Student: 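Handing you this structure, nothing more for now.
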Amino acid sequence: MSNEIEIGRGKRARRVYTFDEIGIVPTRRTRDPELVSTAWSIDAFQFDIPVLGAPMDSVMSPAAAIALGELGGLGVLNLEGLWTRHDDPEPLLAELATIDDELAAVARMRELYAAPIQAELITARLGEIRDAGVTVAGALSPHRTAQFTETVVNAGVDLFVIRGNTVSAEHVSQEGREPLNLKQFIYELDVPVIVGGAATYQSALHLMRTGAAGVLVGFGGGASSTTRATLGIRAPMASAIADVAGARSDYLDESGGRYVHVIADGGLGTSGDLIKAIACGADAVMLGSTLAKASDAPGRGWHWGQEAHHEDLPRGKRVQVGSVAPLAQIVNGPANVADGSANLIGALRRAMATTGYSELKEFQRVGVVYAER
């Protein structure tokens with residue numbers, strides 16, 4: 001049965017679903033939360049929790065990446081952010097937190113992000129994370145990747161992230177500008193690559209065929225994004241993750257057993273969203289605003305992405321998310337609020353236990369229901 005609906009005589013649309021429209025259902029078996037494992041792995045790297053910190057300056061600093069790594073997750077540093085453009089970004093982050101006027105904040109951000117990226121700062125920041133003994137991950141946008149790859153690899157990065165609003169395996173570039181050949185790039189690189197975003201079965205399948213170790217799902221759905229308003233692009237995450245998980249399954253057969261990890265990225269505001277992302281097929285989640293709410297987050301209660309200060313077409317904004325609790329409590333509790341903004345992993349454990357599953361891979365098979373709002 002087709003799930004298409006008629007918009008008008010000349011256009012049909014596919015019915016897709018958001019996290020708010022679905023829920024998970026218990027089975028006949030339950031278990032104690034202590035008997036649940038939230039561990040996952042990608043390539044040779046093992047993690048206790050399926051949480052990646054988004055490469056956004058309001059979310060991840062070297063110190064925040066280290067702290068998340070020590071909690072069992074993976075912090076991904078933005079290698080095009082303030083930490084690689086300025087020797088000491090702390091006073092600049094503090095200054096941004098004091099600007100109430102949005103236009104003034106955007107103007108100041110454009111000034112700060114206009115400073116050139118310094119290769120030696122990339123090396124220093126990644127080295128700081130490595131010296132702490134946690135897994136090292138850094139992110140570049142597709143158009144910066146070729147320029148700084150050698151610096152990043154030489155700095156000892158463990159996982160390399162190529163992250164944009166939309167990343168494709170077939171990018172058409174203007175004359176005189178050589179597009180990034182993802183397949184060749186990943187083949188020649190010595191470290192595993194996570195790439196995205198993608199939001200459809202076909203685009204994800206193409207990215208998987210490049211040799212990527214993981215694919216980020218989603219674009220323009222985060223708390224600080226206005227992509228839906230500015231470009232009209234939207235990818236409801238429940239359906240997007242399920243579609244990409246389907247591509248993962250088909251690619252597993254096509255490749256003769258090569259498993260590509262699916263990482264939900266965007267629109268994950270609560271522990272319930274995290275839980276439903278994994279139920280739809282994600283192996284892990286990349287969190288932005290959820291971690292920006294940490295009282296020790298570099299954004300100091302504010303959250304923004306690269307798109308907020310774009311020189312031509314801003315597709316994001318700086319939003320005040322407030323401070324809920326220290327990072328450790330947001331991740332592992334205890335929670336002092338009942339809105340799903342803290343003790344994310346405790347909630348995941350309890351959901352898995354309540355539905356009778358002991359491992360994340362098993363939990364991807366949990367029953368899901370649709371309830372029209």
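Worth saying up front: this structure is predicted, and the values here are computed from it rather than measured.
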Student: Between atom OG1 of T200 and atom NE2 of H206, what is the distance when rounded to the nearest 0.5 Å?
Tutor: 9.0 Å

Student: Here's a test for you: under side-chain contact (heavy atoms from CB on, under 4.5 Å), which of N154, V152, T84 qualifies with L126?
Tutor: V152

Student: List, by chain and then residue number, the residues other than V25 in its hydrophobic cluster (Ile/Leu/Val/Met/Phe/Trp/Tyr, side-chain heavy atoms under 4.5 Å); write none if there are no others.
Tutor: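 V369, which link up through side-chain heavy atoms under 4.5 Å apart, make up the rest of the cluster.
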
Student: Would you please test V51 and L74 for side-chain contact (heavy atoms from CB on, under 4.5 Å) and show each step?
Tutor: CA-CA 6 Å; V51 172; L74 176 66; over 6 Å; no

Student: Given the ring of W302, does R318 sit roughly above its face, with NZ or CZ under 6.0 Å from the centre of the six-membered ring and within 45° of the axis?
Tutor: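 Geometry flag: set, cation within 6.0 Å and 45°.
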
Student: Quick test of your reading: applying salt bridge (charged side-chain N to carboxylate O under 4.0 Å, His left out), list the pairs with at least one residue in residues 46-73, sequence neighbours left out, ordered by first then second residue.
Tutor: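 Of all non-adjacent pairs touching residues 46-73, none passes salt bridge (charged side-chain N to carboxylate O under 4.0 Å, His left out).
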
Student: Ignoring hydrogens, what is the shortest heavy-atom contact between P50 and L348? Give both atom names and the distance.
Tutor: CG-CD2, 3.9 Å

Student: According to ring pair (Phe, Tyr, Trp, His ring centres under 6.0 Å), who are the partners of F47, at least two apart in sequence or on a separate chain?
Tutor: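 If we apply the ring pair (Phe, Tyr, Trp, His ring centres under 6.0 Å) test to F47, skipping adjacent residues, the hits are W40.
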
Student: Do you see a donor-acceptor pair shorter than 3.5 Å between the side chains of E362 and S358?
Tutor: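 Judged by distance alone, the side chains do pair up.
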
Student: Can you name the closest pair of heavy atoms from I330 and V324 and give their distance?
Tutor: CD1-CB, 4.5 Å

Student: Any ring pair (Phe, Tyr, Trp, His ring centres under 6.0 Å) involving residues 65-84? Give me the pairs, sequence neighbours left out, ordered by first then second residue.
Tutor: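 Matches after skipping sequence neighbours: none remain.
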
Student: Taking all non-hydrogen atoms of both residues, which atom of R163 and which atom of P142 are closest, and how far apart?
Tutor: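 So the minimum-distance heavy-atom pair works out to O-CD, 3.9 Å.
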
Student: Can you list the residues that meet the side-chain contact (heavy atoms from CB on, under 4.5 Å) rule with D339, with sequence neighbours excluded?
Tutor: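 Here the qualifying residues are V337, S341.
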
Student: Rounded at 0.5 Å granularity, tell me how far CE in M56 sits from CG in L77.
Tutor: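 Nearest 0.5 Å value for the CE-CG distance: 13.0 Å.
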
Student: Hey, is the main chain of E6 close enough, under 3.5 Å, to the side chain of K11 for a donor-acceptor pair?
Tutor: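 No, K11 side chain to E6 backbone: no donor-acceptor pair under 3.5 Å.
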
Student: Looking at R15 and E21, does any basic side-chain N land under 4.0 Å from a carboxylate oxygen?
Tutor: yes

Student: Nearest 0.5 Å, please: how far is OH in Y357 from CD1 in I278?
Tutor: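 Taking CD1 in I278 and OH in Y357, the distance rounds to 13.5 Å.
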
Student: Going by salt bridge (charged side-chain N to carboxylate O under 4.0 Å, His left out), name the residues that satisfy it together with E359, two or more places apart in sequence or in a different chain.
Tutor: none

Student: Does any donor atom in the side chain of D283 or Q364 lie under 3.5 Å from an acceptor atom in the other side chain?
Tutor: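 The criterion, which ignores hydrogens and geometry beyond distance, is satisfied for Q364 and D283.
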
Student: Holding to side-chain contact (heavy atoms from CB on, under 4.5 Å), I want the full list of residues that pass it with R350, two or more places apart in sequence or in another chain.
Tutor: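 Partners of R350 by the side-chain contact (heavy atoms from CB on, under 4.5 Å) criterion, ordered by chain and then number, come out as P33, T354.
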
Student: Test of understanding: with salt bridge (charged side-chain N to carboxylate O under 4.0 Å, His left out), list the residues that count as partners of R258, not counting sequence neighbours.
Tutor: none

Student: Can you name the salt bridge (charged side-chain N to carboxylate O under 4.0 Å, His left out) partners of R300, sequence neighbours left out?
Tutor: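 Salt bridge (charged side-chain N to carboxylate O under 4.0 Å, His left out) list for R300, sorted by chain: E90.
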
Student: Quick one: list whatever passes salt bridge (charged side-chain N to carboxylate O under 4.0 Å, His left out) with D158, sequence neighbours left out.
Tutor: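 By the salt bridge (charged side-chain N to carboxylate O under 4.0 Å, His left out) rule, D158 matches R130.
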
Student: Tell me the closest heavy-atom pair linking A64 and P298, and the distance in Å.
Tutor: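 Shortest heavy-atom contact: CB-CD, 4.3 Å.
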
Student: Among residues at least two apart in sequence or on other chains, which ones pass side-chain contact (heavy atoms from CB on, under 4.5 Å) with D43?
Tutor: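 Result, side-chain contact (heavy atoms from CB on, under 4.5 Å) vs D43: F45, P192.
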
Student: Going from CG on L52 to OG1 on T135, what distance comes out if it is rounded to the nearest 0.5 angstrom?
Tutor: 10.0 Å

Student: Can you give me the closest heavy-atom contact between S41 and H261, atom names plus distance?
Tutor: O-NE2, 2.7 Å

Student: State which residues pass side-chain contact (heavy atoms from CB on, under 4.5 Å) with T145; sequence neighbours excluded, sorted by chain then number.
Tutor: L140, T149, F160, I162, L180, F185

